[in-house]
Amino acid sequence: MPTPAELLAAATADADRTIDLRRRLHRRPEMGLHLPDTQATVMAALGGLPIELTPGRSTTSVVGVLRGARPGPTYLLRADMDALPVQEDTGLPFASEVPGVMHACGHDTHVAMLVGAARLLAERRDEIAGQVVFMVQPGEEGFHGARYMLDEGLLDAVPGAPVSGAFALHSSSTLASGTVHVRPGPIMAAADQWRLTLHGRGGHASEPARTRDPIPVAAEIVLALQSMVTRRVPVTDPAVVTVAHIAAGSTNNVIPDSAFLEGTIRTLSAGRRADVVESVRRVAELVAAAHDMPADFVHEPGYPVTANDAGVAGRVAAAAAELLGPDAVPPMAEPLMGAEDFSYVLERVPGAMAWIGARPQGVDPDEAPPNHSNLAVFDEAPLPAGAALYALMALRALAA
Ligand code: NI
């Protein structure tokens, strides 16, 4: 078993290839579930290694299997590879060459770190008792790409040795470069969308009594939802309910015949999630009913809570501290209220997701453009550390 220092040194010696892959992906971002160029680049990057590659059937995912020298359990390492509908304005020499599409969430760095880890692990096959599954997924940005891979049998990629543990890294353009952030339990929220249409009756703005005005009803629902959250949801198991979009009316002297509202619900436990979704529906429908106004409520489930196994989260923190020093692994007090579709994997196997800081040197933390910004820049210096951390998690799991 290599020491963490040896692994980091090997990853650092390989940094040029890791950075080159990252930049090639960055120039040619693709979105959604079908990323043929990205898939081809990933397959080529893993191609020279002793890794069995299987492209997805329903999406352009890639599953790689590395078999160790001896049989044993199967450990999964995951990177996502899709980009966002953002016009890049960073001015980087390797900026996106695709108008309106950008690797603004750093998924290009995830692929580069994972492929770097694959090279480290392939060179150390003799020290592995078991198999490593490399999960390279499209469609993380709201397209449920992980769910398609699970439906295609991802966890049984090695017949007779189902995946028994999993790990994923995510880059942050705002956290200090080279720091690792992980916590037991929820690290990302569940995200649900909802939409509400109020069916009023339009008319002259001077004669509201001859109409059913949906606008005051919409306003009442917005406030009732906020009262519901503060009075019905314990702060110890919290929820966010945001009305992010309201549309009604067209001019000053017409009462419209309908109003539309939509928003998001974020929660950190499955129980709270079900409860708040139902509460939003109840408040919206019954406030509308109080005003004799038909309402159509639609709930669109998003990703579940991303919940880290406490033991695995502890092992991630320990491995990162050994690689990078204890100062590089500050305690992560709070989960993030964004969502992540690695949650589907963590619902099925114990594992963890961690954040790796990639804020460029010299940039003020308060000024750093966040993930998803058209100005987001990810420092490449921590890429070898990320590759080494992926590899160390697999080596330790399969040496046990
Ligand atoms: Ni992301």
Side-chain angles (χ1 to χ4, degrees), residues 21-22 25-26 28-33 35 38-39 42 59-62 76-88 90 96 98 100-115 134-149 166-175 177 179-183 186-191 193 264 266 302-308 316 332 335-346 351-359 368-380 382-383 386-387 389-390:
L21 174 60
R22 184 266 163 150
L25 292 168
H26 197 86
R28 306 292 309 166
E30 295 175 295
M31 294 186 292
L33 293 168
L35 326 177
T38 307
Q39 182 190 43
V42 171
T59 75
T60 55
S61 65
V62 178
L76 181 147
L77 300 175
R78 175 272 208 168
D80 43 9
M81 59 175 170
D82 55 323
L84 285 159
V86 171
Q87 176 66 43
E88 178 160 359
T90 61
S96 172
V98 183
V101 186
M102 175 185 175
H103 268 297
C105 199
H107 297 186
D108 51 340
T109 66
H110 306 165
V111 174
M113 291 188 288
L114 189 75
V115 171
F134 298 94
M135 171 192 184
V136 191
Q137 71 153 98
E140 194 286 321
E141 296 289 355
F143 298 91
H144 303 269
R147 202 169 62 193
Y148 287 90
M149 295 185 76
F167 176 58
L169 266 177
H170 201 301
S171 297
S172 161
S173 61
T174 55
L175 294 169
S177 186
T179 58
V180 172
H181 305 253
V182 65
R183 72 193 304 279
I187 185 166
M188 304 282 286
Q193 299 174 36
T264 189
R266 304 293 167 116
Y303 297 151
V305 179
T306 304
N308 283 345
V316 174
M332 184 177 183
L336 299 164
M337 297 309 280
E340 192 16 275
D341 84 346
F342 190 54
S343 50
Y344 291 121
V345 175
L346 294 184
M353 175 187 161
W355 287 83
I356 182 163
R359 186 179 77 238
N371 287 37
H372 291 210
S373 162
N374 57 328
L375 297 171
V377 174
F378 295 84
D379 188 12
E380 292 170 330
L383 293 178
L389 181 55
Y390 269 126

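What's counted below: heavy atoms across the whole structure, side chains too, no hydrogens, waters or symmetry copies. For the single chain, residues carry numbers from 1 onward in sequence order. Atoms within each ligand, like the ligands themselves, are counted from 1 in listed order.
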N/O donor-acceptor pair under 3.5 Å between Ser96 side chain and Val101 backbone: yes
* Hey, can you tell me if His170 and His107 have their rings parallel, tilted or perpendicular (30° and 60° cut-offs)? => perpendicular
So, the side chain of Glu140 versus the backbone of Asp341: is there a donor-acceptor pair under 3.5 Å, distance only? yes
Any protein N, O or S atom under 2.8 Å from the Ni ion (ligand 1)? Found Cys105 SG, His107 NE2, His170 NE2
- Query: So, do Arg22 and Leu383 sit near enough that their side-chain heavy atoms are less than 4.5 Å apart?
  - Reply: yes
* With distance as the sole criterion, is a donor-acceptor pair present between the side chains of Thr38 and Glu30 under 3.5 Å? -> yes
task: Taking atom OH of Tyr148 as the centre, report whether more than 12 heavy atoms of other residues, nucleotides or ligands fall under 6.0 Å from it.
output: no
